Amino acid sequence: MTIVTRFAPSPTGYLHIGGARTALFSWLLAKNQGGTFLLRVEDTDRERSTQAATDAIIEAMAWLDLAAEGTAVFQSQRFDLYNSHIDTLLETGRAYWCQCTPDEVEAMREKARAEGRKPKYDGRCRELGLGPGAGRVVRFKGPQDGVTNFLDMVKGPTAVQNAEMDDMILRRSDGSPTYNLAVVVDDHDMGVTVVLRGDDHVANTPRQILLYQAFGWNVPNFGHVPMILGPDKAKLSKRHGALSVMEYRTLGYLPEALVNYLARLGWSHGDQEIFSREELVRLFSTGNLGNSPSVFDVKKLEWLNAHYIKESAPGRLAALLPEYLAQAGPAGADNLDGLNLDPGYLASIVPLLQPRAKTLVEMAAMAHFFLVPTARLDYDEKAVAEHLKPGSRELLARLLPIYEAAPDYSDHKALEAATQAFLDEGNLKFKAVAQPLRVALTGKTASPGLFETMGVLGKTESLARIRQALALVEE
RNA sequence: GUCCCCAUCGUCUAGCCUGGUCCAGGACGACGGCCUUUCACGCCGUUAACAGGGGUUCAAAUCCCCUUGGGGACGCCA
C-alpha cells in the first residue's frame with residue numbers, strides 16, 4: 001500500500017509557521033516513501049473562510065515548493081457527501097437527533113465544571129428517538145465505556161477513555177457538517193493513510209477513530225507533531241509577532257532557508273544542520289521527530305538564510321533583488337527611480353554582497369550605492385566629516401591620476417597594485433587612503449573591498465565619484 | 001476544574017527504546033581572539049544543560065515512582 005498524506009488548512013488566515021512545518025513534514029513523509037501528498041481546504045465555516053486566505057495559503061505552499069498531487073479538495077463543495085454519510089450513521093443507529101439548545105448544553109458544561117467533572121454534553125437525547133426538526137442537531141452516539149487507543153507515530157501508544165468524550169455534533173442545526181465528521185469522510189474518501197498534524201489535534205483523534213469504526217472504515221495512522229512556541233514558551237501566536245510564511249519572504253528570507261530551519265525545528269538527523277531538499281526527502285522519518293515543543297529562534301533562521309545566500313547563484317539573487325530595492329534607499333528614497341537595474345550589472349554586484357548579507361533586505365540596502373547615479377549618491381555626514389578632511393582630500397587628488405591612467409578596472413588586483421605602488425613611494429600606509437577612498441566611492445564607512453567595488457562600478461563611475469567627493473570637500 | 005502530553009546548555013538538538021564508551025556531543029546565540037583597507041566572511045577558543053526527590057542496579061541523562069514546572073484539549077471553530 002502506497003502512502004498518502006495530506007495537509008488540511010482552514011482558510012481563516014494566512015499560512016503560519018506551524019502550519020508550514022506540518023505541511024513540510026507531511027510532504028517529506030510522502031516523498032520519502034514514494035507516496036502522494038494531497039491538499040484539502042477545510043472551509044466548512046463559511047463565516048470565517050475567505051478566498052484571499054485560500055489564495056495566500058496556496059501561494060505560500062508554492063513558494064516553499066510543497067506541491068500537492070492533483071487539485072485541492074474544498075470541503076465547502078462536498079456537503080452532499082458528508083450529509084449522506086451522516087444519514088447512514090442515523091440509519092444504523094450510530095447517530096441521533098438532539099434538541100438541546102446551545103444554552104442548555106452550556107449549562108450542562110457549567111454544572112459539570114462546578115462539580116469537578118469534565119465539561120461535556122450529558123447525552124440526554126440519546127434514547128429519545130427524535131427525528132429532524134428546527135434547531136436540532138445530529139450527534140454521534142459514542143461508546144460510553146471502554147478505551148480507544150492508537151499508536152501515535154511520534155508520541156507512541158496513546159489511549160483515551162471513551163467516557164472522556166461526549167457525543168459530538170456531526171450536523172449543525174443549519175444542516176452543515178462539523179469538522180470531525182468532514183475530516184473523517186474526506187480522509188477516507190481521499191485514500192489518506194497517514195495523518196500528520198499539530199499536537200493541538202490529539203484530542204480529536206480518538207473521536208475520529210470512533211467515527212472510522214462506526215463507518216467500518218480502515219483507520220489511518222496518526223502522528224502529532226509538537227507545537228511551536230514563542231520565546232515565552234506559550235503557543236506561538238500573533239502576540240509573539242508570529243509571521244505568515246509570506247512575510248518571511250518580504251523580510252528577505254530564501255524559501256530553502258525557511259524549509260531547512262523548519263525541518264530542524266522538532267526533527268533531527270544526528271548533528272547535521274544543513275539539509276538540501278534531496279537530503280531531507282531521503283532522510284526524513286517520523287521516528288526522528290522530537291516529542292517536546294520547540295521555541296522558534298529567529299537568530300538561527302538568519303544564520304541559515306545567510307548560509308543559503310552565500311550558496312546561491314548570483315544571477316538568481318540578482319533577479320530577486322529589485323523586489324527589495326524599492327524599500328532599500330536611504331530614508332525618503334523609497335523608489336526605483338534612476339537606479340541601474342541592469343540584470344548583468346546586478347549580478348556583478350551580488351558576489352560582493354553575498355558574504356555580508358543575512359537577508360535580501362540587507363543585501364538590497366548594501367547594493368543601493370552601486371545602483372544610484374553618482375549625482376544622487378547619499379553621503380553619510382559623519383563619514384564625510386571624519387574621512388574627507390583636507391589632508392585626505394589631498395591624497396585622493398594625488399591618487400586620481402593613477403586611477404585615470406588605469407586601463408582595466410575589471411582587474412581589481414591591478415588597481416590595488418597601482419595604489420600600493422603609490423603608497424610605497426610616499427611611504428604611506430594603506431589606512432591613510434582606505435577610508436577616504438571608501439567614503440568617496442560609496443558615501444559610507446562600511447562596504448565591500450575597495451578595489452572590487454571599483455571594479456564593479458567601472459572606470460567612469462569610479463572616477464566621477466572621486467571627483468565629486470573632492471568637490472564636496474571644497475564647499 | 002477535568003483529561004492528555006512534555007521535561008538535556010539562553011535556543012534548536014544528539015544521546016534515552018537496547019543502562020557502563022557521557023565529569024554529556026553538535027549547532028545558533030553571546031563573549032574573547034586571529035585574519036584584515038572598512039563592514040562582513042572565515043578560522044580558533046570560552047561560556048553554558050541531564051528540573052528536584054526517591055527507588056531499581058555493581059553502574060542511570062538513560063528503567064520505575066512521586067513532586068515541581070511547562071504546554072495542550074475540553075465549541076452548533078477548525
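What you see is a predicted model; the values in this text were computed from it and never measured. In what follows, every chain begins at residue 1, and chains take the letters A, B, ... in the order their sequences are listed.
- Around atom NZ of A:K155, more than 12 heavy atoms belonging to other residues, nucleotides or ligands sit under 6.0 Å away.
- Across all strands shown, B:rG45 forms a Watson-Crick or G-U wobble pair with B:rC31, both key distances being under 3.5 Å.
- Listed nucleotides: B:rG29, B:rA78, B:rU37. Nearest to the side chain of A:Y179: B:rA78.
- Salt bridge annotation for A:D122-A:R124: present, with a cationic side-chain nitrogen under 4.0 angstrom from a carboxylate oxygen.
- In this structure, A:R109 does not reach the B:rC74 phosphate: none of its side-chain N or O atoms is under 4.0 Å from OP1 or OP2.
- When heavy atoms are screened at a 4.0 angstrom cut-off, A:S268 is found touching the sugar-phosphate backbone but no base atom.
- In the set B:rC28, B:rG1, B:rC12, the nucleotide with an atom closest to the side chain of A:P119 is B:rG1.
- Remark: A:S173 is not in phosphate contact with B:rC76, judged by side-chain N or O atoms under 4.0 Å from OP1 or OP2.
- Rounded to an integer number of Å, the gap from NZ of A:K118 to P of B:rC4 is 9 Å.
- The base-pairing partner of B:rC58, taking Watson-Crick or G-U wobble contacts with both distances under 3.5 Å, is B:rG20.
- The base-pairing partner of B:rC74, taking Watson-Crick or G-U wobble contacts with both distances under 3.5 Å, is B:rG1.
- In this structure, A:E273 reaches the bases: a heavy-atom distance under 4.0 Å links it to at least one base atom across the strands shown.
- Side chain of A:D297, nearest nucleotide from B:rA27, B:rU11, B:rA78: B:rU11.
- A:R393 places no side-chain N or O within 3.5 Å of a backbone atom of A:A469 that could act as its donor or acceptor partner.
- At B:rU13, one or more side-chain N or O atoms of A:S294 fall inside 4.0 Å of OP1 or OP2 (strictly under the cut-off).
- Nearest nucleotide to the A:D45 side chain, out of B:rA7, B:rA78, B:rG29: B:rA78.
- Regarding A:M108, its CE atom lies at a distance of 16 Å from the C1' atom of B:rC74, rounded to whole Å.
- Between the P atom of B:rA78 and the CZ atom of A:F7 lies a distance of 16 Å, rounded to the nearest Å.
- Look at CZ on A:R356: it is 12 Å from P on B:rG42, rounded to the nearest Å.
- Heavy atoms of A:P448 sit under 4.0 angstrom from at least one base atom.
- In this structure, NZ of A:K358 is placed 14 Å from P of B:rC28, rounded to the nearest angstrom.
- The phosphate of B:rC5 has neither OP1 nor OP2 within less than 4.0 Å of any side-chain N or O from A:T158.
- The shortest heavy-atom contact between A:E42 and A:S49 is O-OG, 4.4 Å.
- Nucleotide B:rU36 holds its P atom 12 Å from the CD atom of A:E416, rounded to whole Å.
- Taking the C1' atom of each, B:rA48 and B:rC23 are spaced 15 Å apart, rounded to whole Å.
- For A:R264, whose side chain is taken as the heavy atoms from C-beta onward, the closest listed nucleotide among B:rC5, B:rA7, B:rC12 is B:rC12.
- At the heavy-atom level, A:G449 lies under 4.0 Å from base atoms of the strands shown.
- Side-chain proximity of A:H201 to B:rA78, B:rA27, B:rA14: nearest is B:rA78.
- The side chain of A:Q435 approaches B:rU37 more closely than any other nucleotide in the set B:rA78, B:rU37, B:rA27.
- Side-chain rings of A:Y261 and A:F296 approach one another, their centers coming within less than 6.0 Å.
- Within 4.0 Å of A:G230, counting heavy atoms only, lies no atom of the nucleic acid at all.
- Taking atom C1' in both B:rG19 and B:rG70, the straight-line distance is 28 Å, to the nearest Å.
- Within the 4.0 Å cut-off from OP1 or OP2 of B:rA14, not a single side-chain nitrogen or oxygen of A:N288 is found.
- Within 4.0 Å (heavy atoms only), A:K310 reaches sugar-phosphate atoms of the nucleic acid but no base atom.
- The listed nucleotides are B:rC3, B:rC76, B:rC39; the one nearest the side chain of A:A446 is B:rC39.
- Comparing the C1' positions of B:rA49 and B:rC22 gives a spacing of 13 Å, expressed to the nearest Å.
- When heavy atoms are screened at a 4.0 angstrom cut-off, A:I169 is found touching base atoms of the nucleic acid.
- Taking atom CD of A:E302 as the reference point, atom P of B:rC41 lies 11 Å away to the nearest angstrom.
- Ring stacking holds between A:F430 and B:rU37, with the centres under 5.5 Å apart and the planes within 30 degrees of each other.
- Taking a pair to require two hydrogen-bonding distances under 3.5 Å in either a Watson-Crick or a G-U wobble arrangement, B:rA40 remains unpaired.
- Residue A:D200 places its side chain closer to B:rA73 than to any other of B:rA73, B:rG29, B:rC76.
- Heavy atoms of A:K155 sit under 4.0 angstrom from primed sugar atoms or phosphate atoms, though from no base atom.
- For B:rU11, one of the phosphate oxygens OP1 or OP2 lies less than 4.0 angstrom from a side-chain nitrogen or oxygen of A:K233.
- The nucleotide B:rG69 finds its pairing partner in B:rC6, both defining distances of the Watson-Crick or G-U wobble pair being shorter than 3.5 Å.
- Nucleotide B:rC50: unpaired (no Watson-Crick or G-U wobble partner with both distances less than 3.5 Å).
- Judged by a 6.0 Å distance limit and a 45° cone about the ring axis, A:R207 is not positioned over the six-membered ring of A:F140.
- Phosphate proximity of B:rC3 to A:R207: absent, as no side-chain N or O sits under 4.0 Å from OP1 or OP2.
- In this structure, A:T44 reaches the sugar-phosphate backbone alone: every heavy-atom distance under 4.0 Å involves primed, P, OP1 or OP2 atoms, never a base.
- The residue A:C98 sits apart from the nucleic acid: no heavy atom pair falls under 4.0 Å.
- Less than 6.0 angstrom separates the ring centroid of A:Y179 from the ring centroid of A:H201.
- For A:W303, taking side-chain heavy atoms from C-beta onward, the closest of the listed nucleotides B:rC6, B:rU38, B:rA27 is B:rA27.
- The CZ atom of A:R113 sits 11 Å away from the P atom of B:rG1 (whole-angstrom rounding).
- A sub-4.0 Å separation between OP1 or OP2 of B:rU38 and a side-chain N or O of A:K431 is present.
- Across all strands, A:V137 comes closer than 4.0 Å to base atoms (heavy-atom distances).
- Between A:H224 and the choices A:T205, A:N204, A:D199, A:D200, the side chain to side chain donor-acceptor pair (under 3.5 Å) rule is met once, by A:T205.
- A:D145 CG: 12 or fewer foreign heavy atoms inside a 6.0 Å radius.
- Ionic pairing of A:D45 and A:R48 is present here: one or more N-O contacts between side-chain nitrogen and carboxylate oxygen are shorter than 4.0 angstrom.
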